[in-house]
Amino acid sequence: MSEAEGYPGVGRVLVIIPTYNEADNVRLITARVRAAVPDVDILVADDNSPDGTGAIADELALADDHIFVLHRQGKEGLGAAYKAGFAWAKDKGYDAVVEMDADGSHAPEELSKLLDALGSADAVLGTRYIPGGSVHNWPMHRLLLSRGGNIYIRMALGMPFRDATGGYRAYRMTVLDAIDVATVASTGYSFQVELAWRTFKGGFKLVEVPITFTEREHGVSKMSGNIFKEQLLRVTVWGAQARKESLLNLLGRKPRQEQRQTWP
């Protein structure tokens, strides 16, 4: 894809789809993306799936020059897969990247909404919890856990976003460079919170658009209690650091040099 063929107002866009044991889904999701927004490219970042997802992705790439595959050594977490995809996108000269799950929970048919919003923003969050957004086929306990987690994140970090944990989002590459995404420490779903937090702290324009989230029909969810605990712990630490910095600024003092951190 040449720059002239990129998405209007955004440029060359790469949709990154991390996979691990998504053999039942990878054909479906790539076909839907290609049909919904033909002007974007797709990178399947496969963590050496034992079910053959990587081999299927290779077949798809051979048949379509808009599809690429990044084979990784093994399962290292969502954050590691996305960071590898971001580095690949930067090396290939893309202007923006999109995060999208392989299981169909993020509708490719809504991708144009994110990219249209990105035309006048630095980053866009696809949001389940604003008017027009919705969640389908989730048990009540999981919905309450997600909504409660987002309320806690808003309180702890002071971010105004209704859905900082969602995984359907778009970033301009200039933002990822500025927030030094390679140093993001989170590996699980807290990776999404940390990216939003760094973007917010960096003063970039981050907007939310409503999306419909639908629970996967095939395969097994990667969410676990340990992932949620990691997210909760990291948010608590970031919030405490932010309050300490605000207090020191209010008192006209700066943290000692050895205690300074550019990012959480």
Side-chain angles (χ1 to χ4, degrees), residues 1-18 33-34 36-45 66-68 70 78-101 106-128 130 133 153 157 159-186 189-211 238 262-264:
M1 181 195 302
S2 69
E3 188 161 350
E5 297 170 329
Y7 196 87
V10 178
R12 298 180 66 225
V13 176
L14 182 70
V15 178
I16 302 172
I17 304 177
V33 172
R34 294 291 292 120
V37 188
D39 292 331
V40 305
D41 288 343
I42 301 169
L43 176 68
V44 177
H66 286 269
I67 299 176
F68 304 91
L70 177 62
L78 184 73
Y82 272 128
K83 287 198 291 184
F86 295 158
W88 193 93
K90 181 177 180 180
D91 182 63
K92 303 300 182 183
Y94 285 88
D95 300 297
V97 292
V98 173
E99 299 179 8
M100 180 185 292
D101 287 353
H106 302 147
E109 295 75 20
E110 295 187 308
L111 176 56
S112 60
K113 292 199 301 186
L114 275 70
L115 295 178
D116 288 345
L118 193 62
S120 58
D122 298 308
V124 178
L125 303 182
T127 304
R128 298 162 285 187
I130 61 175
I153 289 166
L157 301 181
M159 293 195 298
F161 312 118
R162 308 294 295 184
D163 193 359
T165 61
Y168 197 9
R169 47 180 64 184
Y171 290 93
R172 291 187 179 273
M173 291 301 298
T174 50
V175 173
L176 297 180
D177 285 341
I179 66 174
D180 197 9
V181 70
T183 66
V184 171
S186 304
Y189 283 79
S190 60
F191 177 80
Q192 307 294 13
V193 182
E194 186 167 354
L195 280 194
W197 176 229
R198 290 190 180 207
T199 303
F200 176 71
K201 285 188 69 178
F204 293 100
K205 183 179 181 182
L206 200 162
V207 301
E208 294 183 289
V209 298
I211 62 164
W238 299 335
T262 304
W263 302 110

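In this text, all values refer to a predicted model and were calculated from it rather than measured experimentally. Note that the numbering runs from 1 along the sequence shown for the chain. In what follows, every heavy atom counts, from backbone to side chain, and hydrogens, waters and symmetry copies are set aside.
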Can you name the nearest heavy-atom pair linking [X] to [Y], along with the distance?
X: V10; Y: A96; result: CG1-CB, 3.6 Å
X: K205; Y: D122; result: N-OD2, 2.7 Å
X: G85; Y: L43; result: CA-CD2, 3.8 Å
X: A81; Y: P18; result: CB-CB, 3.9 Å
X: K92; Y: R12; result: O-NH1, 2.8 Å
X: H66; Y: D41; result: ND1-OD1, 2.7 Å

side-chain hydrogen bond (donor to acceptor under 3.5 Å, both in side chains) against [X], all qualifying residues, sequence neighbours excluded:
X: K113; answer: E110
X: R172; answer: none
X: R34; answer: D64

L195 vs F86 side-chain heavy atoms within contact, under 4.5 Å: yes
Decide yes or no for L118 and Y171: does some side-chain heavy atom of the first lie under 4.5 Å from some side-chain heavy atom of the second? no
Quick one: pull up [atom1] in [X] and [atom2] in [Y] and give me the separation to the nearest 0.5 Å.
X: I17; Y: D101; atom1: CD1; atom2: CG; result: 9.0 Å
X: K83; Y: L78; atom1: NZ; atom2: CG; result: 11.5 Å
X: F161; Y: F200; atom1: CZ; atom2: CZ; result: 6.0 Å
X: D163; Y: I153; atom1: CG; atom2: CD1; result: 8.5 Å
X: L70; Y: I16; atom1: CG; atom2: CD1; result: 9.0 Å
X: D180; Y: R198; atom1: CG; atom2: CZ; result: 6.5 Å

Taken in chain and number order and not counting sequence neighbours, the residues that satisfy ring-ring contact (aromatic ring centres under 6.0 Å, His included) with Y168 are H106
Using side-chain contact (heavy atoms from CB on, under 4.5 Å), reason through I211 and R128 one step at a time and then give a plain yes or no. CA-CA 6 Å; I211 62 164; R128 298 162 285 187; 4.3 Å; yes
Identify the residue among D39, V13, V209, V15 that makes a side-chain contact (heavy atoms from CB on, under 4.5 Å) with L115. V13
Pairing donors with acceptors under 3.5 angstrom, does anything connect the side chains of T199 and R169? no
With under 30° as parallel and over 60° as perpendicular, where do the rings of Y82 and F191 fit, or are they tilted in between? parallel
With sequence neighbours left out, the residues meeting salt bridge (Lys or Arg N to Asp or Glu O under 4.0 Å) with K90 are D177
Side chain to side chain contact (heavy atoms under 4.5 Å, CB included) against A89, all qualifying residues, sequence neighbours excluded: L14, Y94, V97, M173
